[in-house]
Every structure is written in C-alpha cells, then in structure tokens.
Protein chains: 2
Amino acid sequence: MKLGQVMHDKLFVFLEKYLTLTKDEKQVIVSLDIFHSIKKGTVLLEEDQVSTNSFFVLNGCLRTYYIIDGEEKTTAFYTEMEGITPHCVMSKRPSEYYLSAVEDSLIIVSNLEMEEVINSKFPRFEILCRRLSEDRLAKKQIDLDEFKTSSPEQRYLNILEKRPDLIQRVPQHQLASYLGIKPQSLSRLRARILEKK
Amino acid sequence: MKLGQVMHDKLFVFLEKYLTLTKDEKQVIVSLDIFHSIKKGTVLLEEDQVSTNSFFVLNGCLRTYYIIDGEEKTTAFYTEMEGITPHCVMSKRPSEYYLSAVEDSLIIVSNLEMEEVINSKFPRFEILCRRLSEDRLAKKQIDLDEFKTSSPEQRYLNILEKRPDLIQRVPQHQLASYLGIKPQSLSRLRARILEKK
DNA sequence: CTACTTTCTTAACTTTAGTGAACGCTTACA
DNA sequence: TGTAAGCGTTCACTAAAGTTAAGAAAGTAG
C-alpha cells in the first residue's frame with residue numbers, strides 16, 4: 001500500500017540527520033515502493049526463515065522475540081524512527097528469532113536487492129548506510145551496557161524515565177521478558193516501588 | 001612502534017573477509033603507521049574523555065568498564081580480531097566508560113582523520129566500513145539477546161563453551177561483573193556447577 | 001625476604017527472583 | 001450468551017544473588 005507525502009517527509013527528516021539528500025536521490029528512494037501498513041500481530045520474520053528484508057518503523061511498534069523452551073523471550077522493541085536489520089540478513093542463515101507488530105504500524109521494508117539498486121543509482125547511499133549502521137551499533141552497545149550494569153528494578157525505573165510510552169503500549173508479560181524477569185516479578189517489583197513512595 | 005609483516009598479514013586476512021584489497025590499497029593502510037604495542041593495564045580511553053580513536057585487537061585483550069558508585073562494571077572484552085569504535089567517537093561527547101588493556105597487547109589505533117585519508121585515496125573503504133559495522137551490529141544484538149535470555153549460570157556455561165580462554169586470561173572479579181553478578185556469586189556458582197557433576 | 005595489597009573463596013544472613021497455584025478480569029468466539 | 005482462553009495480580013514457598021565480614025592465596029613493592 002502506497003502512503004502519502006507525510007510519511008515520505010518523515011523518512012527524509014530522519015535520513016537527513018545523517019546525509020543531506022538531493023531531490024533526485026529522494027526520488028530514487030520513493031520510487032521503490034517501500035512503504036507498508038501492517039496490522040497488530042503481523043509476523044514479519046519467523047524463526048528458521050531466511051529473509052533479506054530490513055525494516056524501519058515510521059509509526060507503531062515492532063518487537064523481536066525468541067521462543068525458548070516454549071516460552072517467548074522478548075529482547076527488543078522498535079518504535080518510531082528506529083530500524084532493524086535482522087541478524088539472518090547479514091549471516092544469510094535461518095533466523096533465530098521472530099519479528100512481529102505489537103500495534104498497527106506504518107513501516108518501511110527494504111531488501112538487499114533494493115539496496116543494490118539504490119547504491120548503483122546513488123553511490124552516496126553507501127555513506128548514509130555506514131553512518132546509520134555505526135550509529136545503531138553505538139546505541140546497541142549502550143543498551144547492552146545499561147542492561148548489564150543494572151538490576152531489574154533499575155531497568156524498570158530507567159524505562160519509566162526514558163521510554164514511558166512502552167509501559168502503556170506493550171503487554172506487561174512482554175515488558176517483563178524485556179526486563180529479563182517473569183511477569184509475576186514485574187508485578188511484585190511495581191508494588192514494591194509504589195510502597196517506597 | 002612499527003611492527004612486522006606478520007601483523008600486517010593478520011590484518012589483511014581479516015579485512016579480506018569483507019572486501020578483497022589491491023596491493024595499492026593495502027599500501028595506503030600500512031602507510032598510516034597504525035600498529036601499536038601496549039602494556040597490560042594501559043588505559044586507552046577514560047571517562048569524560050572525548051576521543052576520536054577506534055581500536056582493533058591483533059593480539060591480546062582489551063576491556064571496557066564503567067565506574068558506577070565507585071565500583072568497576074566490566075561490560076565487554078575484546079580479543080584477537082575484534083574491533084571497537086567507542087560511543088564517544090560517534091556521539092562526539094565525553095565517554096561514559098573506560099577502555100584498558102587486560103594483557104600486553106598488539107593493537108591498531110585509527111582515528112576519524114585517518115579514515116578521511118583512506119576514504120579519499122580509496123573510496124571502496126566506505127563499503128568495507130559499512131560491512132564491518134553491520135556485521136558488528138548484528139553480533140552485538142546477538143550478545144544482548146543472549147544476555148537477556150539467560151541466567152548468570154547459563155551465561156557462565158556459555159562462556160565456558162564459546163570463549164573458554166576468557167576464564168583463564170581474565171581476573172575473576174572482572175568476569176563476574178561481565179556476567180552481571182558479584183565475585184562472591186561467581187565463586188558460589190562455580191562451586192555449584194562442580195557439585196552437580 | 002618481608003610487608004602490603006589485591007584477588008579469590010567461604011560463610012551467615014538479607015533481599016530478590018523463580019515456581020506453582022489461585023483469583024478476578026477482560027477478550028474471543030462458537 | 002455462555003464458555004474458554006489469556007492476562008495481570010497476589011500468595012506461599014524455593015532457589016539464587018546481594019551484602020557483610022573474614023581469612024587464605026597470590027602478586028607487588030620496598
């Protein structure tokens with residue numbers, strides 16, 4: 001489904017944080033028909049699937065999760081202006097995790113062939129991708145560091161401060177898993193925090 | 001300190017996993033004098049420092065750590081053929097963590113200006129950097145996922161299997177911190193595992 | 001070599017997370 | 001509309017990590 005100018009603009013405001021684009025370059029990107037609207041619950045990537053698709057969230061929320069011993073383990077949420085290149089795209093091996101929509105979402109789906117097309121018509125795209133990827137890497141490292149250096153309670157308080165929207169829009173059991181604990185522990189932890197105040 | 005052909009070769013074997021290089025291109029890289037030998041304990045990056053240096057380990061072991069409430073929190077170890085671009089290089093803001101040598105090490109130090117030089121003489125370097133960065137990002141995501149989805153005991157068993165060298169070459173209290181627990185808990189955990197067998 | 005510091009381990013006790021079960025509450029759907 | 005399934009919370013109990021303290025072992029400096 002093609003979407004309007006608003007979505008295009010939203011994308012370019014984001015991309016131009018990394019590299020200023022000409023009208024022609026923007027046209028190359030728009031011409032690829034990469035904008036999609038998906039329903040809550042849509043699975044974009046399954047375990048064991050080999051996909052070459054990368055995703056970018058314009059609106060809504062996606063999550064990645066593993067199924068380990070029959071249990072869902074949510075490892076990441078992606079919301080507005082965040083992108084994901086699943087590990088399987090790089091490794092060209094079957095995916096170890098799932099990617100699905102927590103809410104109805106507006107996303108961009110690109111794949112390796114499209115990137116080839118863009119890179120050939122628009123060589124500076126390589127620079128854009130490098131900067132984007134380096135930026136994401138640095139952020140991911142910070143995420144990992146924060147997780148390692150804090151307790152579940154601190155992690156919850158951290159989310160409460162930095163991504164309070166998540167607590168509203170995401171089911172508690174997914175949030176618990178994301179914090180590295182069980183839903184029961186999250187309930188308890190929240191009660192504990194309320195008590196302290 | 002300049003080092004011999006062996007080190008150069010080691011680097012190129014690594015880089016050519018991502019992009020085949022010509023003799024001239026290799027010469028551009030070698031001419032930059034980026035090889036360094038450092039002593040155990042050398043601090044390469046300090047908290048609050050703004051550095052533009054990236055590092056690559058040819059031999060030895062580096063670690064990143066935070067000091068939180070006066071306590072060291074080790075978040076990563078980098079050994080042979082692993083590279084680090086500290087967050088502060090990307091954000092151009094003061095570093096939140098330290099980087100230092102766990103052992104005497106042979107490393108490559110590069111900075112943003114050098115990358116400019118290489119990129120201008122050798123445009124395909126941009127592609128190399130992108131691939132390297134995307135690959136590192138995917139690995140970092142897997143690291144984070146593994147940490148989130150496992151208990152300290154599972155993490156220890158995982159290290160025992162995948163990076164057994166770390167257990168030998170790294171002090172226990174740094175390893176404990178890396179696993180997200182206190183040194184006392186690591187001692188106990190190891191005793192528990194031995195008992196089970 | 002000795003004195004000092006750092007590292008590692010053990011122990012007792014406290015705090016927190018995991019587990020299994022039960023209870024309302026909402027949602028889905030037959 | 002009634003039944004079932006799923007979700008969030010609470011509880012009692014178990015298991016594991018944090019905390020504090022002490023002592024043994026290893027490494028370092030004078």
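Every chain is numbered from 1 and lettered A, B, ... according to where its sequence line falls, protein lines coming before strand lines. All values below were derived from every heavy atom in this structure, side-chain atoms included, with hydrogens, water molecules and symmetry-related copies excluded. This is a predicted model, so every value here is computed, not measured.
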- Note on the structure: Here the distance between atom C1' of C:dT7 and atom CG of B:Leu186, to the nearest Å, is 12 Å
- Query: Has the side chain of A:Arg190 got a donor or acceptor atom sitting under 3.5 Å from an opposite partner on the base of D:dG8?
  - Reply: no
- With respect to the side chain of A:Lys182, which nucleotide from C:dT9, C:dT16, C:dT19 is positioned closest? C:dT19
- Side chain of A:Ala191: nearest nucleotide among C:dG18, D:dT10, D:dA17? D:dT10
- Query: Can A:Arg155 be said to sit on top of A:Phe147's aromatic six-ring, NZ or CZ under 6.0 Å from centre and within 45° of the ring axis?
  - Reply: yes
- Round to the nearest Å and state the distance from B:Gln154 atom CD to C:dA17 atom C1'. 14 Å
- Query: In whole angstrom, what separates B:Arg155's CZ from D:dA16's P?
  - Reply: 14 Å
- Whole Å only: how far is the CG atom of A:Leu175 from the P atom of D:dG8? 10 Å
- Item | Whole-Å distance separating the CD1 atom of B:Ile181 from the P atom of D:dT19 | 13 Å
- Task: Flag the pair B:Met7 / B:Asn59 as yes when at least one side-chain heavy-atom distance between them is below 4.5 Å, and no otherwise.
- Result: yes
- Query: Sub-3.5 Å donor-acceptor pair from the side chain of B:Glu161 to the main-chain atoms of B:Asn158, do we have one?
  - Reply: no
- Message: Could you tell me if A:Tyr78 and A:Arg63 have a donor-acceptor pair between their side chains, going purely by distance under 3.5 Å?
- Response: no
- Whole-Å distance between D:dT9 P and A:Leu189 CG? 11 Å
- Under 4.0 Å between a side-chain N/O of A:Ser185 and OP1 or OP2 of C:dG18, yes or no? yes
- Item | Which residue lies more 5' along DNA chain D, comparing A:Val170 with B:Gln184 via nearest heavy atoms | A:Val170
- Message: Once you measure the plane-to-plane angle for A:His8 and A:Phe35, does it fall in the parallel (<30°), tilted (30-60°) or perpendicular (>60°) bin?
- Response: tilted
- Check: C:dG18 base within 3.5 Å donor-acceptor of A:Arg188 side chain: yes
- Calculate the interatomic distance between B:Leu194 atom CG and C:dT10 atom P; express it in whole Å. 10 Å
- N or O in side chain of B:His173 less than 4.0 angstrom from C:dT6 OP1/OP2: no
- Would you mind reading off the distance between B:Glu153 atom CD and C:dG18 atom P, rounded to a whole angstrom? 14 Å
